[in-house]
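A short write-up of the structure that comes next.
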Amino acid sequence: MKDIAIHSQEKDIREDLPWKQINTDILRSLDNPRRGYWYSIIVCLVLLAIGFTAEVIQYQTGMGMSKNHPHMWNLYIATFIFWIGMSHSGTLLSAILHIVHADWRKPIYRFAEAMTTFSLMTALLFPVIHLGRLWNFYWVVPYIPSRGTWPNFRSPLSWDGFAIMTYLTSSALFLYIGMLPDLAIARDNTTGWRKQLYSTLSLGWCGNDRQWRVFRKAYMLMAIFLIPLAVSVHSIVSSDFAMSINPGWHVTTFPPYFVAGALYSGCAAIITLFILLRYYFRWEEYMTLPILEKICKLTFAIAMMWTYLNLVEFASVWYGHDVYGKEVLWGKMTGAYAPAFWSMMFFGSVLPFALAFRSLRRHIPTMMAVSILLNVGMWLERWMIVSPTLSQSFYPWSWDVMWPTLTSWAIVLGSFGWFGLLFLVFVKIFPSVSMYEVKEMVYHRKLATEKAAARVGGAAPAYGAHMKKEDAV
Amino acid sequence: MSGNELNRRGFLKLMGWSAAGAGLAGCDLPSTVTLEQGKETVLSYLSPEEYVIPGIGVWYASTCMQCAAFCGIHGRVREGHALKLEGNPDSPLNRGKLCQMGQAGIQGHYNPDRITQPLLRKDGKLTPIGWDEAWSLIGQKISNAPGERFAWVTGTVSGHQAVLLAAHTEAMGSKNHFAVEVIGPHVGRAVNQDMLGEAMPRLVLDKAKLILSLGADFLGTWVSPTHFATEYAKFRSGSRGMLVQVEPKMTLTGGNADMWVPIRPGTEGVLALAIANVLMKGGAKVPEAAIAAVSAYEPAKAAEVTGVSAERIEKIAALLKEHSPSLVLAGAPVEGHAHGYQAAAAVQLLNIMLGNVGQTIVSAGGFPFPQLAAKSGSTRDLIAFADAAKNQKLDVAFFYGANPVYSAPHFLALPEALQKIPFKVAFAQFPDETAEAADLVIPLASYLEDWGTHVAAYQPEEAGITVQQPLMERMYNDTIGFGDALLKLLKLGKSEQYAAWEDYYAYLRNAVATLPAEYKAGAANDNAFWDQTLQKGVLKVAAAAQELKPQVPEIKLPDVQPNEGYPLYLVPSTQLGLWDGRHANLPWLQEAPDQISKVVWDSWAEIHPATAAKLGIKEDDIIEIASEQGSIKVKAYLFKGVHQDVVAVPMGQGHEAYGRYAKNRGVNVLKILDPVIDAKTRELALYGTRVKLANTGKNEPLVIEGRGNNSQRGRKLVVTISADQFRKTEGA
Amino acid sequence: MKDLLRRWLLTFLCVGGFLIGTSAAASEAPTIKYPVPPPGDYNGDVVEQPIEFPHDIHTKVNKINCLYCHTYGRRSKVAGIPPTSKCMGCHRVIATDKPRIQKLTEYWEKRQSIPWKKVHDVPDFVHFTHERHLKKFIFDNEDLVQNLSVDTVAPVCAACHGDLREMTVARKVKPMTMGWCVACHEANGGPGDCWKCHK
Amino acid sequence: MSSLQNLIDNWSQYRKGIEQGGFHHYEHRWGMAIDLNACIGCNACSTACYAENNLAVVGPERFAQGHFMHWLRVERYWDQPDKEFPEQGASFLPMMCQQCGAAPCEPVCPVVATYHTPDGLNAQVYNRCIGSRYCNNNCPYRVRYFNFWSYYETSWPEPLNMQLNPDLTVRDKGVMEKCTFCVQRIRTAKDKAKMENRKVKDGEFTTACAQACPTNAIHFGDLMDPESQVTKLWATHQVSRVDEQGRPRHEQDKKNPDLRGYRVLEELNTDPSVMYLERVRETLA
């Protein structure tokens, strides 16, 4: 991929960026963002307030505020899956792309990881919110109980607990480790409380050889550890459904299907945030269009994968000749949920083709709109997994369509506020573009261009060995 | 139940263990936290019976008063509270079973809307007064109410209450006892009396090979539902009898029929005669008096009148012919017309022709104590009372166990008429419409707190007197048992022979204990006999069996007149649940779905989809049903189980009073009935009302259990097999 | 040499005597098996009762068997407060001059039942039955039934209620938490099925 | 921690799937047989259940939202959609918790609030339930009911609450509940039997619904007791829970397919304890 960057007409990043300027540009994000940033903060606060009030009411009066028989799960679980999914792309970008040495990830993986961590923290709220007696949620945790009672290790719900907590801790750790060198830089360029904060956090990083070597190893290890973990987490979440006997849930393709969906929504979210940050902090220099294009291409690929898995699922239901399953699928397509279902199909499988056109890919407003719509589609997907099955399960007598109540909508909105707030505060306090890796990137660029120049001028290069290597590539 | 009288009553008096009380799980007093000590009080007994053990339920036999069937019940009592009612296995009526109305009886007893003290109307409002004031007031009003200007208005009464009531009416020098009952075979009784010589002959369902029921909802609301349900179980087992139901609106019984046939209201008699006609052609003997009528109705002719195809008629006749003995029943739809008597007679004629009399219809025998026998209520008395009131024939009226103000249609103008009665006393347990209209309200004890004896109008084999005893102490000290009230009244009326009885209990106990010796078999003495009786809850009395001698009156059926202005027939359907509206204040029954439509907490109008399509009515549309007497607005429920010329609205809702659960809920269909009255018996013709529909354009969803999911969608939930297969494998 | 021998003899006698003594003492000790009480105590507050009933006098001094008054316990899930008639059975004649007894007689003559305060209670979602426990620990316990007396029965009751022989009005001295119950069931082979106790 | 020990020791037993025959060590196996030929759909059973089990009355608004609490519901189906009139009447089906031997609700509860008792019942421990509602989602019969609100605040205004059955609790908001086969009656009967050192006799007690049923359509008893009426009924109709290997049956293989016994949705392999007897109608032209 590196050499794609070299030979393409446009550069992912200017190779003549002085490292000093990089520091100043990035650290600028810590004090003076555009006004838009503050507006976003306010919006998030408002959403959060709405959600919180709704939750309080629900807590006081009971789950009747948001559910009905037989719809025991609804918006909350759908949104839960949505947020879990959102978390996956962070790992994808930083870990997988790190392992395959894709340089273009460097300016953008940091906020992606932050997104991972925060969306997990958001997701974690929902299983608790949807409990009938949420004040007892800790009974799911296997603490040594005075009453001799244990959680049910056979229940996917308790697996969820373990999986998500593991993922949360490790991805948070990953984010932190990756930040160490930058924290050091921040420490050296700031004053006041920030200086203190960064000096404690940077754990005395002074950038000597040994530190770098250990750091590289640790970072690589975490990356390798995270990839299977991320996959397993969403597979486990999918087993909440796949392990049940309900038509439309009891599907073997769910784990990959969920993972694909997860990466999909994650990438879309990255596009959105990419554009936002680029705007907030005037980072046109770093978050360049070529990089945006690359994410878009990636997203497109994943979109196609998702579409394929969707079709596989439908096909298997269709050929499976399971009456119940068929009826659920047919109900989705034609019944009360049809609008939601078809708009999901449109946003999820048709809209992504916008990403196939260069002109569109480079048009920021369009990409903004598209990326958001993609996520709307993915949210609908989650809802279309949860609700229709509950609406027409095995037992016709209890068939019932259900539309979410205001309360549940409010709480879902609130979750977006919560996520947004966490994220915005993060980018204001920590360097959300990895300075040291951008420097690396610039350096790689420089080497490449020198090589190109050398090839034109024929002057003897300074370091032949390396050059040869470059040639060989 | 051991021990002598004093202990038995002492038990009630000295009861008082505080409710162990069902508390709340999940109200989250986490069980790691120990409970507060010394907050809850534990009242100890003073001197309990040795069979009274806290934490262990004791069962007492009593009688269910939820409808006039008077089934026997067992009440579970723990720590002084009645908790659960079950059927009394010793009662030949319900054989240990209990319908949902009986189950819900306990909610009447614990109802939050009970009247707890005497109320007097002061400047328009009912205000609490003391007992002395109440009695003295009654005393003086009675003394200046000359004989005939006094009246009792009650529901069905029987047993010693009936005796005392009669005594009181007589002591007042009056003959006015109006027994009001909306649901019941009022016309049928007359027909049976005339044609069989017995008002309530015994029906042997399980002996019948086929039951042809013309609207008789014997599983739901006809005569003695629970008893007939137990009979039905036998009827359906083994060789499995066949059930054919012909009615304008599907009843619960219709829902269980092998063949359900919709028919145009008011033409059931014609159908009966047409069947008779076919049978006659088949060689069956027709009594002289009926020949003219029978031969007048060829199936083809009947077909166009009734809307039942000629083939169907012949098929039914054929079935009757090949399944003998059979049983033909006439229900409310048959009786509820101006020619109800004639129609019912036509139906009874079939039984006579088919030779069912003496087979599946046998004599119940004469009840040895006529004074105790049930005085069954009727709508005739309702009308009679309304007239008496209107023509200012009454100065004082006492009400008990009936709610005429609710039941009376508009045309009787009862509320206005009541204004003309200077002094109205309601002996009531709830603030129902009649109590609201009364000048003085005497708060009654619930039937689970009271003594009594009852005699069901319908007497199955070895039936008799069912005994009612209190399951627990009075909830409210200021309530009085009806028996006690009657005694008090008699004493006020200075009838010396009752001065001897301290209270109704004493009177009753003596009355039972002094029964002729032949009833006391196996009892050492009167006390033992009394205890025995209380324990069993029923007192079997041998009735002298007689021979039923059929005679057939002349039957004449009018032609049905089409009515352009009001094209549709109104069917005020009845339901095992709210009954005639008396149970609308019981939350369990409000929340229990109607057996057929599955609607809860509301009124609805059943319309055939074809008719609805013609009138542009959709499900849940609020439609206006207008008769000449007025109109009601009610939600539409599209249902194939009604005849296309019919709109059916259930009785029971639409109360203007009667407590939080009943008030302002649904509509009262009885109000808009036309002034149609059966020519012979003067009974109100419930099914004789013609109406027209209009869509108000508004709509509001009905609350339906199962949300209108009426199809099994090919899933194997209820599987149906043919009766032949059943007989092959399980046939007796 | 001699005195050495004497000293040996002395020690031998002492030790021997001690051994015999102890063994004798051991053989006299009662051999009734009692439920293994689960660990855990609770310091309940002193509840003020309408009449300050002295359990100690009745049990320790007068040696009245617990089950004589709390007689329902062996036939029902609740042990129950004895009916006032039972108290009056004795106190018509006994100690009629004591203020407590006068208070009692007053209730009795007014035909009022005494509003005792509940001290031991379990949550409403718990089904606890005295009859089963008493059957297991008293009536199925042969050698206990042999010599049935307040002193043999009281230790059984004490497992949950503490030793009432040492109290006037009852005080809650055991935690009565689920963990505590479960521990006891495990120690004494009680049922482990949730629905045995939860309702 | 002995409970931990117990967990470790009995793990193999604990995770025994139905392919090994699921739970084996039954003391009783309470079961039912419901005769749809006798059932008239009168609803007595349902109301009796309200009376016995402290079921909340929720009122029309909440009922409309589906927040009803009837553990035992009488379903009513119309089978002849093409006909102009329902000429063969209705199909009634009393449906309560089927107390499955291989219950889908059990493995999914995160806190073991619902589990299988040695009596072959699906226990629901109210005060353990945290309201994840997974069990209801996984119940093919949709017979579990969730306390969406604190019904006790509205359902039993004084003095209606005096009717509440002290033998079982009133459930508060956030707790799942369902038919228990009147476990409080079972408990009482078993305690009584134990006190008298004997086994529970057949017909010694029955559930509220069975006791109320005017046509005796509902039979209740112990399927482990070869003499019980229910066992006999199951046998006469050649319905059995398990095959020779002790595995739950998917489909009944009857020698005489004309017999009426069947279990609802048994192809899902849930091994219900309730056998239904097919509805019967004349075949009339």
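All chains are named by letter (A, B, ...) in the order of the sequence lines, taking the proteins before the strands, and each is independently numbered beginning at 1. Because the structure is a prediction, the values reported are computed rather than measured.
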Contact part of [X] toward chain D, heavy-atom cut-off under 4.5 Å: side chain, backbone, both or neither?
X: V600(B); value: side chain
X: P225(B); value: neither
X: P262(B); value: side chain
X: M101(B); value: neither
X: N256(B); value: both
X: A592(B); value: both
X: I596(B); value: both
X: E86(B); value: side chain
X: E705(B); value: both
X: Y661(B); value: side chain
X: L576(B); value: side chain
X: T729(B); value: side chain
X: H227(B); value: neither
X: V261(B); value: neither

Any donor-acceptor pair under 3.5 Å from [X] side chain to [Y] backbone:
X: Q725(B); Y: D258(D); answer: yes
X: E278(D); Y: V719(B); answer: no
X: K598(B); Y: V74(D); answer: yes
X: Y262(D); Y: L717(B); answer: yes
X: E52(D); Y: K84(B); answer: no
X: K716(B); Y: L265(D); answer: no
X: R707(B); Y: A64(D); answer: no

Rounded at 0.5 Å granularity, tell me how far [atom1] in [X] sits from [atom2] in [Y].
X: S711(B); Y: Y77(D); atom1: OG; atom2: OH; value: 8.5 Å
X: L259(D); Y: K728(B); atom1: CG; atom2: NZ; value: 10.0 Å
X: D167(D); Y: R78(B); atom1: CG; atom2: CZ; value: 5.0 Å
X: F63(D); Y: E591(B); atom1: CZ; atom2: CD; value: 5.5 Å
X: Q595(B); Y: N43(D); atom1: CD; atom2: CG; value: 5.5 Å
X: W588(B); Y: H70(D); atom1: CH2; atom2: NE2; value: 15.5 Å

Chain B contact via [X] - side chain, backbone, both or neither, heavy atoms under 4.5 Å:
X: E158(D); result: backbone
X: F85(D); result: both
X: D79(D); result: side chain
X: C129(D); result: neither
X: A38(D); result: backbone
X: R73(D); result: both
X: N256(D); result: side chain
X: S155(D); result: backbone

Salt bridge present between [X] and [Y] (N-O < 4.0 angstrom):
X: E87(D); Y: K640(B); answer: no
X: E282(D); Y: R240(B); answer: yes
X: D35(D); Y: R236(B); answer: no

Provide the closest heavy-atom pair for [X] versus [Y] in the form atom of the first, atom of the second, distance.
X: D258(B); Y: V280(D); answer: OD1-O, 4.3 Å
X: A229(B); Y: I40(D); answer: CB-CD1, 4.1 Å
X: S597(B); Y: R76(D); answer: O-NH2, 3.4 Å
X: I106(B); Y: Q163(D); answer: CG2-CG, 3.8 Å
X: Y476(B); Y: P159(D); answer: OH-CG, 3.5 Å
X: A212(D); Y: Q103(B); answer: CB-NE2, 3.3 Å

At a heavy-atom distance under 4.5 Å, which candidate from [options] has the highest pair count against chain D?
options: A610(B), G706(B), P593(B), P609(B); result: P593(B)
options: G255(B), G57(B), A233(B), G87(B); result: G255(B)
options: R665(B), M250(B), H643(B), Q590(B); result: M250(B)
options: Q107(B), M475(B), H608(B), R114(B); result: H608(B)

Quick one: does [X]'s side chain get under 4.5 Å of [Y]'s, heavy atoms only?
X: E84(D); Y: Q644(B); answer: yes
X: L252(B); Y: F92(D); answer: yes
X: F726(B); Y: L277(D); answer: no
X: N37(D); Y: E730(B); answer: no
X: L98(B); Y: Q211(D); answer: no
X: N165(D); Y: R76(B); answer: yes

In terms of heavy-atom pairs under 4.5 Å, which option from [options] contacts chain B the most?
options: R128(D), E61(D), H237(D); result: H237(D)
options: A90(D), G131(D), C42(D), G66(D); result: C42(D)
options: P214(D), G89(D), A208(D), P60(D); result: P60(D)

